[in-house]
Every structure is written in structure tokens, then in C-alpha cells.
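The first residue of the sequence shown is numbered 1, and numbering continues consecutively from there.
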Amino acid sequence: MTDTTHTDNSTTTLRKGYAPSRFGQLHYVECGDGEPVLLLHQTPRSWTEYLDVLPRVGARHRAIAMDTLGYGASAKPEGPHSVERFADGVADLVDALGLDRFHLVGHHTGGVIAVEVAARFQDRVASLMLSATAFIDAERRNGGGHGRIDHVDPKSDGTHLLEMWNRRRGFYQPGEEAALTNYVIDALTVLDRVEEGHESLRRYAMETRLPRITARTLAVCAPRDHYSLPSLAKFAVALGCRTHVLSGGHAAAPEQVPEEFARTVLAWVGHHQGADVLGS
């Protein structure tokens with residue numbers, strides 16, 4: 001099943017579709033042709049986090065942004081979410097679309113899922129870009145996180161909507177309210193399970209999976225994303241990978257600096273051009 005939408009900032013067409021999986025249908029949006037670049041969003045977001053990135057990456061590649069299992073318009077199975085089950089959904093999509101080899105980009109929760117996918121698929125992942133990805137170690141699993149991020153208790157007068165807005169308001173600059181609105185829309189679709197994506201990260205044994213990654217890897221982060229910025233150094237040690245700090249943005253970097261984000265993706269995917277854009 002497909003649908004098409006034309007973007008305002010590009011002649012590239014966004015093609016919407018559904019792919020079968022063991023959990024039900026998975027929703028994805030793609031544009032462009034050529035080598036596939038699969039983009040995984042943070043939770044509790046949807047593919048719309050990459051709305052302005054897709055056409056830019058799609059100008060040179062087949063850019064695909066899926067709704068993570070349990071979010072957006074993808075199937076919402078019962079039972080506890082886990083990084084491993086999220087990755088099962090990605091694996092089903094990759095197989096359904098016939099992606100024998102692909103580049104992989106993950107942002108926040110999507111980055112942790114990307115770690116698991118890259119560990120499983122190894123040489124099928126041509127390159128890996130981890131954006132604002134939490135480094136999950138024993139300290140993080142044992143409570144070294146930042147508490148509840150998105151949880152709100154529904155109120156009969158609707159004041160939980162404002163609470164949800166305010167929980168993320170500090171991540172956005174004045175003038176970025178449209179992106180914050182998109183977050184609230186996505187979060188409301190999974191209000192009863194809005195925190196589970198974050199909770200799943202605290203149970204993930206990342207250090208056992210990192211040695212299995214064979215793809216060349218870049219870890220990036222926005223300069224104001226102080227929750228994720230310290231992870232760059234840890235990934236550099238664990239994977240021997242390069243790191244890069246964007247010029248602006250916070251937790252919503254794909255929406256806040258989409259042109260730079262897409263340029264960074266293209267530089268890393270292009271490999272030979274990467275040194276020119278990212279520095280040696």
C-alpha cells in the first residue's frame with residue numbers, strides 16, 4: 001500500500017507505504033532512489049521527525065524513515081517494549097523491502113535500536129550513524145538516567161496536554177514550536193505507553209552488542225543536547241569511531257537543523273566526501 005505526498009522544499013516525492021511483519025503492518029515513508037538509507041526516530045516520535053531530512057537525503061539516495069514498532073502508524077503489539085523487539089520490527093521491514101545492504105541512521109532511541117540492528121546484520125549495514133545516542137552501560141541501567149522524561153497522568157480538564165508540552169519545552173528554541181507540536185501529536189498517540197521507549201533503554205545490555213558491529217560508524221550530537229553529548233567519547237572508545245558535533249540544535253536536531261543533519265548523513269554515507277564535511 002502506498003500514497004504520495006509532495007514536499008514544499010523539494011520536488012522529491014515522499015512515498016508512504018506499509019510492510020508486513022510478524023507483529024502486523026509497519027508504516028514507512030521513503031523518497032529518492034539508489035543506495036538505501038534507513039532512518040530510525042527517537043521515541044515517542046514517528047517518521048515525521050525526519051520530514052525535512054528525507055527529501056534532502058532522498059535527492060541522492062533511497063531515503064526511508066519507518067515508524068518504530070509500537071509508534072506512529074506501525075503495529076502496536078501488546079507486551080513490554082524492548083530494544084530487541086524494536087530491532088525485530090526493523091529486521092522485518094528490511095527483509096520486506098528487500099534491502100540486502102543499507103546505510104543506517106538512528107537518533108536518540110533510534111540510535112540504540114540501530115546499535116542492535118547493526119550488531120545483528122553486521123556486513124549488511126554499509127555504514128552507521130548514531131545521533132544523540134545514549135551509551136547504555138551498567139551505571140545507566142542501574143539508575144544513572146534522568147528519570148521520567150515524557151510521562152504525564154491524564155487529567156479530565158486536559159491540563160496534561162500543557163504538562164506534556166512543558167516537559168519538552170526546554171529542548172526547543174523560540175520559533176521551533178511547530179516541531180514541539182509534532183512531538184505532542186506523536187506522544188498523544190501512545191499516551192498510555194509514552195515512557196516505555198525510554199524505559200526499554202535502561203534494560204539493554206549494549207556493551208555485549210557493540211563488539212559485533214562491523215560497519216564504519218560515526219557518532220554525532222547537537223551541542224545543546226547535554227543529556228547525550230557525553231556519550232560521544234564513550235562510543236569513540238568502545239567502537240574506535242569518529243565523532244562530530246553539529247553546529248546547533250538539541251534533542252530534536254533532525255527538525256532543528258535538518259539541512260546540516262542531512263548533509264552530515266550524506267557525507268558519512270558517501271564516505272569519500274566525509275572528510276571534507278566532517279573534518280579529518
Side-chain angles (χ1 to χ4, degrees), residues 19 21-23 26 28 35-43 61 64-66 68-70 79-142 144-145 196-221 228-244 264-265 267-271 274 278:
S21 82
R22 73 195 84 172
F23 307 101
L26 299 172
Y28 66 95
E35 286 185 289
V37 180
L38 179 60
L39 303 112
L40 308 179
H41 62 80
Q42 68 175 303
T43 57
H61 295 275
I64 307 164
M66 71 175 293
T68 299
L69 181 70
H81 286 317
S82 68
V83 171
E84 292 82 0
R85 190 167 78 167
F86 292 146
D88 288 342
V90 177
D92 288 354
L93 179 81
V94 165
D95 288 341
L97 297 183
L99 306 184
D100 294 328
R101 187 167 169 82
F102 56 96
H103 301 275
L104 186 59
V105 177
H107 182 63
H108 271 274
T109 311
V112 179
I113 299 168
V115 165
E116 177 62 24
V117 172
R120 294 185 188 187
F121 282 90
Q122 296 187 310
D123 291 342
R124 285 180 64 183
V125 177
S127 72
L128 176 64
M129 180 173 135
L130 303 175
S131 172
T133 301
F135 191 91
I136 311 298
D137 52 16
E139 179 183 0
R140 185 70 175 256
R141 285 193 298 275
N142 293 331
E196 283 192 37
H198 308 303
E199 292 171 348
S200 71
L201 303 189
R202 302 184 186 111
R203 298 189 297 269
Y204 182 57
M206 177 180 281
E207 64 268 45
T208 67
R209 306 301 284 160
L210 291 173
R212 294 186 57 81
I213 294 176
T214 59
R216 55 185 176 85
T217 303
L218 173 70
V220 308
C221 194
S228 303
L229 202 57
S231 289
L232 292 188
K234 293 184 177 182
F235 279 116
V237 171
L239 292 174
C241 68
R242 294 174 59 182
T243 64
H244 178 68
T264 305
V265 171
W268 189 244
V269 166
H271 189 42
L278 303 173

Inset, instruction - May I ask you to decide if H107's main-chain N or O and S131's side chain share a donor-acceptor pair within less than 3.5 Å? - result: no

Legend entry - Taking every non-hydrogen atom, the tightest pair across T43 and G197: OG1-CA, 3.6 Å

Inset, instruction - Would you kindly check if the NZ (Lys) or CZ (Arg) of R242 is within the cone defined by 45 degrees around the ring axis of W268 and under 6.0 Å from the six-membered ring centre? - result: no

Inset, instruction - Return the minimal non-hydrogen interatomic distance between A132 and S228, and the atom names on each side. - result: O-OG, 3.2 Å

Legend entry - Nearest atoms (heavy-atom pairs only) where A87 meets V117: CB-CG2, 3.9 Å

Legend entry - Worked verdict on L38 versus H103 for side chain to side chain contact (heavy atoms under 4.5 Å, CB included): CA-CA 6 Å; L38 179 60; H103 301 275; over 6 Å; no

Legend entry - Check: F135 and E207 side chains under 4.5 Å, non-hydrogen atoms: no

Legend entry - Heavy-atom pair with the smallest gap, counting every atom of V112 and A134: CG2-O, 3.8 Å

Legend entry - Whether R212 side chain and A118 backbone form a donor-acceptor pair below 3.5 Å: no

Inset, instruction - Side-chain contact test, heavy atoms from C-beta onward, threshold under 4.5 Å: evaluate it for V83 versus T109 and give yes or no. - result: no

Legend entry - Minimum side-chain heavy-atom gap L128-R216 below 4.5 Å: no

Legend entry - Pair V269-H61, side chain to side chain contact (heavy atoms under 4.5 Å, CB included): steps then yes or no: CA-CA 9 Å; V269 166; H61 295 275; 3.5 Å; yes

Inset, instruction - Any chance you could measure L97, atom CG, to Y28, atom OH, to the nearest 0.5 Å? - result: 5.0 Å

Legend entry - Chi angles and distances behind the side chain to side chain contact (heavy atoms under 4.5 Å, CB included) call for L69, D88: CA-CA 9 Å; L69 181 70; D88 288 342; 5.8 Å; no

Inset, instruction - Only counting residues at least two apart or in another chain, list the ones meeting side chain to side chain contact (heavy atoms under 4.5 Å, CB included) with E199. - result: E195, E196, R202, R203

Legend entry - Distance-minimising heavy-atom pair for R124 and V94: NH2-CG1, 3.3 Å

Inset, instruction - Evaluate the side-chain proximity of T217 to M129: yes if any heavy-atom separation is below 4.5 Å, no if none is. - result: no

Inset, instruction - Identify the heavy atoms of F102 and L99 that sit nearest to each other, and give their distance. - result: CD2-O, 3.8 Å

Inset, instruction - Let me see the working for H41 and T68 under side-chain hydrogen bond (donor to acceptor under 3.5 Å, both in side chains), right down to the final yes or no. - result: CA-CA 7 Å; H41 62 80; T68 299; 3.2 Å; yes

Inset, instruction - For the pair R22 and D95, find out whether any cationic side-chain nitrogen is under 4.0 Å from an anionic carboxylate oxygen. - result: no

Legend entry - Heavy-atom check, side chain of I213 versus side chain of Q122, under 4.5 Å: no

Legend entry - Rounded distance [0.5 Å steps], NE2 in H81 versus OG in S200: 8.0 Å

Inset, instruction - Could you walk me through whether V220 and L130 pass the side chain to side chain contact (heavy atoms under 4.5 Å, CB included) test, one step at a time? - result: CA-CA 6 Å; V220 308; L130 303 175; over 6 Å; no

Inset, instruction - Report the residue from R140, E84, E116, R141 that forms a side-chain hydrogen bond (donor to acceptor under 3.5 Å, both in side chains) with Y204. - result: E116

Legend entry - Euclidean distance, Q42 CD relative to I113 CD1, rounded to 0.5 Å: 11.0 Å

Inset, instruction - Drop me the distance from L218's CG to F235's CZ, to the nearest 0.5 angstrom. - result: 11.5 Å

Inset, instruction - Give, for atom CG of D123 and atom CG of D100, the distance between the pair rounded to the nearest 0.5 Å. - result: 13.0 Å

Inset, instruction - State the CD1-CG distance between I64 and L93, to the nearest 0.5 angstrom. - result: 7.0 Å

